[in-house]
2 protein chains.
Amino acid sequence: MKMSGGVEWALHCCVVLSRAGAPVPAAKLAELHDVSQSYLAKQLQLLSRAGLVRSTLGQSGGYVLTRATSEITVLDVVEAIDGAQPAFRCTEVRQRGPLAVPAERCDTPCPIARVMDSADRAWRESLRAITVADLVADVGRTTPAETLEAARQWLRA
Amino acid sequence: MKMSGGVEWALHCCVVLSRAGAPVPAAKLAELHDVSQSYLAKQLQLLSRAGLVRSTLGQSGGYVLTRATSEITVLDVVEAIDGAQPAFRCTEVRQRGPLAVPAERCDTPCPIARVMDSADRAWRESLRAITVADLVADVGRTTPAETLEAARQWLRA
DNA sequence: GTCGGTCTACTCGGATATCAGTTGTCCGAGTAGCAGTGG
DNA sequence: CCACTGCTACTCGGACAACTGATATCCGAGTAGACCGAC
């Protein structure tokens, strides 16, 4: 089981965008993080489709967050990039094979599926509890102010 | 993000094995669940490597659980099949690019990694709380006794 | 009747193809700002 | 000096390959039980 690597990039981008205050083109975000420009563009498109960012065309265009950072949860970003489907998908094994249980008997979900669903919900709940604002605050706490200012300068240049 | 489909099969196999009481060959488990025999064998090998089941060679051989079902958690099975590595792996983006933070400054893990790690732990904790015995009990509660007996007969035949 | 040897059929285990999904890349459509020009 | 027009450079968006890892398969190594014969 492996989450898309784009999730990490997307989250970093959200943090950067929140500090920028002005539209930031995808190329600049890619250079800043030293990742593939074309592939990062794909992730940003996914964020755009999910309505988390808005794109501006033309010169001095780029991406901007659509909401306050406190209104964007980590789960929002994860689901935008990696999809909202749960990692485990029950294939109804009990309805197959020589001892198949007829479908009309399966009114309650398979116990295994229930356990997995519960775990998945705990995972999502944990991600939903943290917002991008929390991340930004954490970064601000552990990073020197001068570094943050330097980043701001670099983004404008 | 998608979990290996083998996890579902492996869990079903554990439930079946706990009810069998005698070694069950992989071929029988595959036929019972109507899945690829060769591929299921792979999953059972993984369970064997993890020490959850023990294989017996020769005639009337097969797989047996090594511990009581109450001593096997769902997490054990998931990690045996799908690996114990967390879904999210921090690539230390902050140490790359033109504004790279030097490694010696990164004494605390990246906030994003912390959030992901926390969620991953919640997920695993949820899976660790349920044992195969719980699954067996649940199956026994929702399945008619006659069906269970039929399964037992079929396994011996 | 019992013990030993042999043999067979059945089991698992690892090495080997195939396929899907993620990763990575490219080019075209569209637009905002800028420069030039005319009033 | 100001407004309009055309242009240019820059932006995103979706369509197109390459590669890693999951999926599926096969055949060989090894063993437990059964069978047969001798004692």
Side-chain angles (χ1 to χ4, degrees), chain A residues 1-10 13 17 20 22-31 33-66 78 80-83 85 87-89 91 93 155 157, chain B residues 1-10 13 17 20 22-31 33-64 66 78 80-83 85 87-89 91 93 155-157:
Chain A
M1 189 171 55
K2 187 165 157 286
M3 181 184 299
S4 168
V7 170
E8 183 180 13
W9 303 356
C13 284
L17 286 180
V24 181
K28 222 153 188 51
L29 288 171
E31 189 187 353
H33 296 119
D34 187 25
V35 297
S36 158
Q37 172 176 340
S38 311
Y39 189 37
L40 181 63
K42 199 186 200 58
Q43 319 301 340
L44 289 168
Q45 280 173 39
L46 290 172
L47 289 182
S48 179
R49 281 191 202 169
L52 297 178
V53 302
R54 175 153 295 283
S55 64
T56 313
L57 248 51
Q59 244 175 351
S60 74
Y63 287 96
V64 191
L65 294 179
T66 56
V78 169
I81 303 295
D82 214 47
Q85 287 196 342
F88 179 89
R89 253 160 293 175
T91 59
V93 170
L155 279 176
Chain B
M1 188 170 54
K2 185 164 156 286
M3 183 182 300
S4 167
V7 169
E8 182 179 12
W9 303 356
C13 285
L17 286 180
V24 181
K28 221 152 187 53
L29 289 171
E31 190 188 352
H33 295 117
D34 187 25
V35 297
S36 159
Q37 174 177 338
S38 313
Y39 190 38
L40 181 65
K42 197 185 201 59
Q43 319 299 341
L44 290 168
Q45 281 172 38
L46 289 173
L47 289 182
S48 179
R49 281 190 202 169
L52 296 178
V53 303
R54 176 153 294 283
S55 64
T56 313
L57 247 53
Q59 242 173 355
S60 75
Y63 288 96
V64 192
T66 56
V78 169
I81 303 294
D82 213 49
Q85 288 197 342
F88 178 88
R89 255 160 290 176
T91 59
V93 170
L155 278 176
R156 290 181 187 279

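By convention in this document, chain letters (A, B, ...) are assigned in the order of the sequence lines, proteins followed by strands, and residues within each chain are numbered from 1. Everything numeric here is computed off the predicted structure, so don't read it as measured data.
Considering only heavy atoms from C-beta on, A:V53 stays 4.5 Å or farther from A:C13 through its side chain. Here the side chains of B:K2 and A:R89 are in contact, with some heavy-atom distance below 4.5 Å.
Taking atom CG of residue B:L47 and atom P of nucleotide C:dG14, one finds them 13 Å apart after rounding to whole Å. For the pair A:Q45 CD and C:dT25 C1', the interatomic distance rounds to 13 Å; values are reported in whole Å. A straight line from CE of B:M1 to P of C:dT23 spans 12 Å, rounded to a whole angstrom. B:Q43 places its CD atom 14 Å from the P atom of C:dC12, with the value rounded to the nearest Å. Distance B:E8 CD to D:dT23 C1': 15 Å, rounded to the nearest Å. The CG atom of A:L46 sits 13 Å away from the C1' atom of D:dC12 (whole-angstrom rounding). Nucleotide C:dT23 holds its P atom 11 Å from the CD1 atom of A:I81, rounded to whole Å. To the nearest angstrom, P of C:dG21 lies 7 Å from NZ of B:K2.
Helix bend of the helix from C:dG1-D:dC39 to C:dG39-D:dC1: the angle between its two end axes, each built from five pairs, comes to 10° after rounding to 10°.
Remark: the backbone N or O of B:M3 is not paired with any side-chain donor or acceptor of B:D82 at under 3.5 angstrom. Although no hydrogens or angles enter the test, the distance criterion places no donor-acceptor pair under 3.5 Å between the side chain of B:Q43 and the main chain of B:W9.
Heavy-atom minimum distance, B:Y63 versus B:L17: O-CD2, 3.3 Å. Smallest separation of non-hydrogen atoms from A:Q37 and A:A27: NE2-CB, 3.6 Å. When all heavy atoms of B:P23 and B:G62 are compared, the pair lying nearest together is CB-N, 3.8 Å.
In this structure, A:S48 reaches the D:dG13 phosphate: one of its side-chain N or O atoms is under 4.0 Å from OP1 or OP2. Listed pair A:R49 / D:dG13 fails the phosphate criterion, with no side-chain N or O lying under 4.0 Å from OP1 or OP2.
Annotation: B:R54, atom CZ; neighbour count of heavy atoms from other residues, nucleotides and ligands within 6.0 Å does not exceed 12.
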Atom pairs, protein N/O to nucleotides 8-11 of chain D N/O, distance under 3.5 Å:
residue, atom, partner, partner atom, Å
D:dT11, O4', A:G58, O, 3.1

For nucleotides 24-28 of chain D, list the nitrogen or oxygen atoms of the protein found under 3.5 Å from its nitrogen or oxygen atoms, one pair per line.
residue, atom, partner, partner atom, Å
D:dT25, OP2, B:S36, OG, 2.6

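A:L44 contributes atom CG, which lies 11.0 Å from atom CG of A:L52 (distance to the nearest 0.5 angstrom). Note that the CG atom of A:L40 and the NE2 atom of A:H33 stand 8.0 Å from one another [nearest 0.5 Å]. Here the straight-line distance linking atom CG of B:L46 with atom CD1 of B:I81 works out to 5.0 Å at 0.5 Å rounding.
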